[in-house]
Every structure is written in C-alpha cells, then in structure tokens.
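What follows is a set of notes on a single structure, which appears directly below.
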Amino acid sequence: MLRRLGNLIAEHAEHLASVETTDNGKLYREMLGQVQSLPDYFEYWAGWADKIHGDVVPLDKPSVFHYILREPLGVIGAITPWNSPLLLLTWKLAPLLALGNAAVVKPSEHASASTLELARLIEAADLPAGLVNVVTGPGSPTGLALVEHPDIDKLSFTGGAATARSISRSAAANLTPASLELGGKSPNIVFADADLDTAVTGVLAGIFGASGQTCIAGSRLLVQREVAADFVERLVARTDRLRLGNPADPQTHIGPVCFPAHQSRIDAMVREAVADGATLATGGRIPDDPALGDGLFYLPTILTSVTNDMPIAREEVFGPVLSVIQFSDDAHAVRLANDSPYGLAAGVWTRDVSRAHWMAAQLDCGIVWVNTYRAASYASPWGGVKQSGHGSELGADAIREYTHSKAVWIELGREMGDPFALR
Ligand code: NAD
C-alpha cells in the first residue's frame, strides 16, 4: 500500500508541487524536487514494514524464555508547519504507517491544501478508511483539540519552539508523549583552508534557499578572521545577483515569504539588529521594485559586525537574513557555534580531514554537514537538541519513535517458589 501511494504521488507530483507553491510561495522547482523525493521515503519504509521483528533476549534466569515485542503506539497526532508541508508530513506518515500506527494530521492553516490533495491519493491507494485522517484549522482550537485528546497516543510535531512549549504543557494533562522537530540558529563555519568558492555557494544555499524559511537555515556565518573580508565580499557579490520574483518562474532564486505578518517580523528583526550595532552589507529592507508588485518579498540580507549575544544571532528569523561573526581558531569556532539556545544543524567548510571529524564531534547539534549543506535522506536520522527539540525522524531511529517495546516472560519451570521474593 505504501508503494502504491508512492507511485500515485510520483504520478501527481507536478500538481502537488504547484498546490504547495500557490499556498506557501516557495519556488516551484524546489517544491517539485521535494514532492518527487517522497516516493523514495514510502519505498524505504515499505521495506521496513516486514522487518520489525522484536528480539529474543537470554536472561540470567535459565528457566525463563524471554522475548521483546515491538508494537505500534496507536494513533499519532501529526502537526506540521507551512514551509514544506508534504515533505515534513511524509517524514512522519511513511514510518508511522509502516510501523502499524494510524494518524490524525493537522497541517498548517497557512498551507493546508497539499495535505488535502495527499488525502485524496491515500484514498485512491486503497489504504483502509480511517487510517489517515486530516483536520484543518488554526493552532487553537483545532491543533489544541488534537493535542488534548485522550485517545491520541503520541504527538509528532514540527514547528516553532514557542508552539512546542505550549503543546508540551497541554499534552502534559494526558501525559501524551511528543516528539518535537523545531527551529534553529545553525552555524555555517568557514575555515581559512576551505575551498572558498564552494563555501560561498554552500553558505548562500544555507540561508537564501527557500528565502531562509527552513528549520536548518544556516543563519549564522562563522568565518575565520583571516579570510573574513574576502569571503564576505564574494558572498555579497553573489547575493546581489540573486533574482527575486514569481516562485513559479524557473529563473527565480528568491520567492516571497509566506504571509504579511512574517514579512513585517523579518523587517523588524533586521532593524533591531542594526539598532544593536550590526552593519548592513546588503539588503535589509522590503524591495521597492515595481516589477515585484505587492508580493511579500524581502531582500536577501547580510549583516556584519554581529556579536553572538545579539538577538539576531540567537533568535530564529526564518527569513533571508544572514549574520556574520568572525572567529580566530577551531576552539573559538566551537565555542561560538555551541553558544546558542538551538542545536539543529551545522555546516563545516574545511579541507582538513582531522579538523572536519574533530568539529563534528564537538558541535552540539543533531546534524553536521562537512563541505555541503541542506542535505537529507530517508536513511539518515533528522532531529535536534536543546531548543531545536527532541526525537528523531527518518532512518532506523524512527522505529523507536512510533513503537514501544513489550517484554514477555515465559516461565518454563513449574514452581513459583517464595511468593514474597522478587524473581
Ligand atoms: P508554528 O509552530 O507556528 O506552527 C506549526 C503547527 O502547529 C501549525 O500546524 C500550527 O497550526 C500548529 N499549532 C500552533 N499552535 C498550536 C497549538 N496550541 N496546539 C496545536 N497545534 C498548534 O510553526 P510554523 O510557523 O508553521 O513553521 C515554522 C517553524 O517550524 C520554524 O520554527 C521552523 O524552524 C520549524 N520547522 C522545523 C523543522 C524540523 O524538521 N526541525 C522543519 C520545518 C520547520
């Protein structure tokens, strides 16, 4: 059934991607690439479905035959954000279904349409009625009703940290467990020995891809002092050539942001950073190009002279805004990178293989990319630490997210012995 669903998604990929672009304003070619990757996730998890076989564990008690069953949790409440609705939903649905659970899905009120389109395909794939359900509406009351419902066995949430805190409080009433995939303030760390042209592309991809509206946005550029001026100059030159425009146009690099209040918030955060002492190297405003009409655009923005304690370096902007901070040596880079409330991802740009592994071990986060950025695979765990959440999507780690273990003890002897002793 999962494979059938994957095939249907592949057949309807262009339609699903254009629905997403219409809803959230992200580039059509990015949404199409995301939707076209979904069948791989269903294929991978279809492969796991008949391999969840528990375990037989020999105990230190020879008269006992002991085994562990791995069982589904039941009904999962899956709450998703607007930025990549179907990708992030698939990261939940494919494993939870393969592992024997059912789902009630609540997409974001800003971008619900593609999830409803997927529900049609789920019906067409002949999944049992009621296995996947979609409710649409705002966080409160719709999402809250799901969070507080006593028959939800687990919540799987992707969204912002403030929402996650509120959900965790509400879920506590029923002690409903929740996995939380949240935002970040991810450092992209460029060493002087890096291939600087490649690193410029990686830093650009990290912060201006999807107009910065990704949880893994590399929104802090940590750059080694001796190459900082040269690197920022190259980066600004590339940034100033980026084309803003209609997200459906294949020539566009930067589309609009998702909704008006989001555009105003990005602008307010940049103004605050400048008031705090940051310097605008480029961007920093809503563009006034008449060709952009009244689209919700924000110029790709680079701020220098940022210190790691400024709000712009600590809070998630979720827009095309990069803060540049200089470091002196490896230890200094690690200190700055880890001095953050978040811990989702990090990028390291270096040609030194020992440094790459040392950095990977030191960084306090869930994903490290070396000489690349913004990569994901169905086989690799995805998740953060600190305010970036807990739990893991994807890869074999997700098996534990959507199952629980049941220990079964079979006493092969007949005697119970002393009724008052722990056996
Ligand atoms: P959000 O937290 O505002 O909303 C996420 C979802 O939660 C929406 O469906 C919303 O309706 C729902 N919601 C809001 N209040 C609720 C409540 N009280 N009870 C139940 N549900 C409630 O996030 P957003 O603005 O849609 O998305 C952006 C955020 O998502 C960013 O912080 C981003 O970093 C994060 N994100 C994380 C990942 C990841 O994998 N770690 C991926 C994408 C986005």
Side-chain angles (χ1 to χ4, degrees), residues 20 23-26 30 34 77-92 104-116 134-149 152 155-174 176 178-186 206-207 209-219 257-259 261-263 265-266 269 315-319 340-345 365-367 374-376 380-395 398 401:
E20 295 215 315
D23 246 5
N24 69 8
K26 283 175 66 178
E30 180 183 4
Q34 285 190 4
I79 301 178
T80 53
W82 49 262
N83 62 327
S84 294
L86 287 186
L87 182 73
L88 298 171
L89 176 56
T90 295
W91 289 7
K92 302 180 190 307
V104 182
V105 177
K106 207 228 48 91
S108 166
E109 58 275 35
H110 298 295
S112 303
S114 61
T115 302
L116 292 170
V134 180
V135 289
T136 56
S140 180
T142 314
L144 190 60
L146 195 57
V147 170
E148 291 181 332
H149 201 289
I152 293 289
L155 292 158
S156 177
F157 171 77
T158 303
T163 313
R165 275 189 282 275
S166 149
I167 284 179
S168 298
R169 277 192 295 273
S170 307
N174 292 315
T176 308
S179 64
L180 305 172
E181 295 292 334
L182 314 177
K185 196 74 210 176
S186 299
I207 187 61
S211 303
Q213 301 171 114
T214 70
C215 52
I216 46 169
S219 50
V257 299
C258 188
F259 52 95
H262 189 43
Q263 185 195 38
R265 183 175 169 275
I266 294 169
M269 288 184 81
E315 292 166 16
E316 187 182 40
V317 179
F318 217 60
S340 171
Y342 290 103
L344 186 54
C365 59
I367 306 162
R374 253 187 118 210
S380 173
W382 184 278
V385 299
K386 302 194 276 186
Q387 301 286 306
S388 294
H390 49 75
S392 189
E393 313 236 57
L394 307 180
E401 295 290 335

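Indexing begins at 1, ligand by ligand and atom by atom, following the structure's order.
Under 4.0 angstrom from ligand 1, there are no non-hydrogen atoms of Gln213. Residue contacts with ligand 1, taken as heavy atom pairs separated by less than 4.0 Å, do not involve Ile216 at all. No part of Ala161 comes within 4.0 Å of ligand 1, judged by heavy-atom distances.
Scanning Ile79, Asn83, Leu180, Ile367 for the heavy atom closest to atom 44 (C) of ligand 1 points to Asn83. Among Phe318, Trp82, Trp91, the residue whose heavy atom lies nearest to atom 24 (P) of ligand 1 is Trp82. Of the listed options Leu144, Val105, Thr80, Thr163, Thr80 places a heavy atom closest to atom 6 (C) of ligand 1.
Numbered from 1 in the order shown, with element, the atoms of ligand 1 that lie under 4.0 Å from a heavy atom of Gly143 read 19 (N), 20 (C), 21 (N). Of all atoms in ligand 1, listed by their number and element, those nearer than 4.0 Å to a heavy atom of Glu109 are 10 (C), 11 (O). Atom numbering of ligand 1 starts at 1 in the shown order; those under 4.0 Å from a heavy atom of Ser166 are 18 (N). Counting the atoms of ligand 1 from 1 in the order shown, those under 4.0 Å from a heavy atom of Leu88 are 42 (C), 43 (C). For ligand 1, the atoms closer than 4.0 angstrom to any heavy atom of Pro107 are 9 (O). Applying the 4.0 Å criterion to heavy atoms of Gly183 picks out, from ligand 1, the atoms 34 (O).
At least one side-chain heavy atom of Glu20 sits under 4.5 Å from a side-chain heavy atom of Pro85. Within the 4.5 Å cutoff, the side chain of Pro81 has heavy atoms near those of the Thr158 side chain. Using a 4.5 Å heavy-atom cutoff, the side chains of Ser380 and Leu394 are not in contact. Side-chain contact between His262 and Trp82 is present, with heavy atoms from C-beta onward closer than 4.5 Å. Counting only heavy atoms from C-beta outward, the side chains of Cys258 and Phe318 never approach each other to under 4.5 Å.
Ser84 and Lys26 share a side-chain donor-acceptor pair at under 3.5 Å. Side-chain contact annotation: Ser340 with Lys185, donor-acceptor N/O pair under 3.5 Å absent.
The N/O atoms of Thr214, backbone and side chain alike, include none that comes under 3.5 Å of an N/O atom in ligand 1. Residue Gly160 places at least one N or O, backbone or side chain, under 3.5 Å from an N or O of ligand 1. Residue Lys106 places at least one N or O, backbone or side chain, under 3.5 Å from an N or O of ligand 1.
For the pair Glu401 (side chain) and Ser392 (backbone), a donor-acceptor distance under 3.5 Å is present. In terms of modelled atom types and a separation under 3.5 Å, the side chain of Ser112 and the main chain of Ser108 share a donor-acceptor contact.
Protein heavy atom closest to atom 27 (O) of ligand 1, with residue, atom name and distance, is Pro81 CB, 3.2 Å.
Using a 4.0 Å cut-off between a side-chain N of Lys or Arg and a carboxylate O of Asp or Glu, Glu181 and Lys92 do not qualify as a salt bridge.
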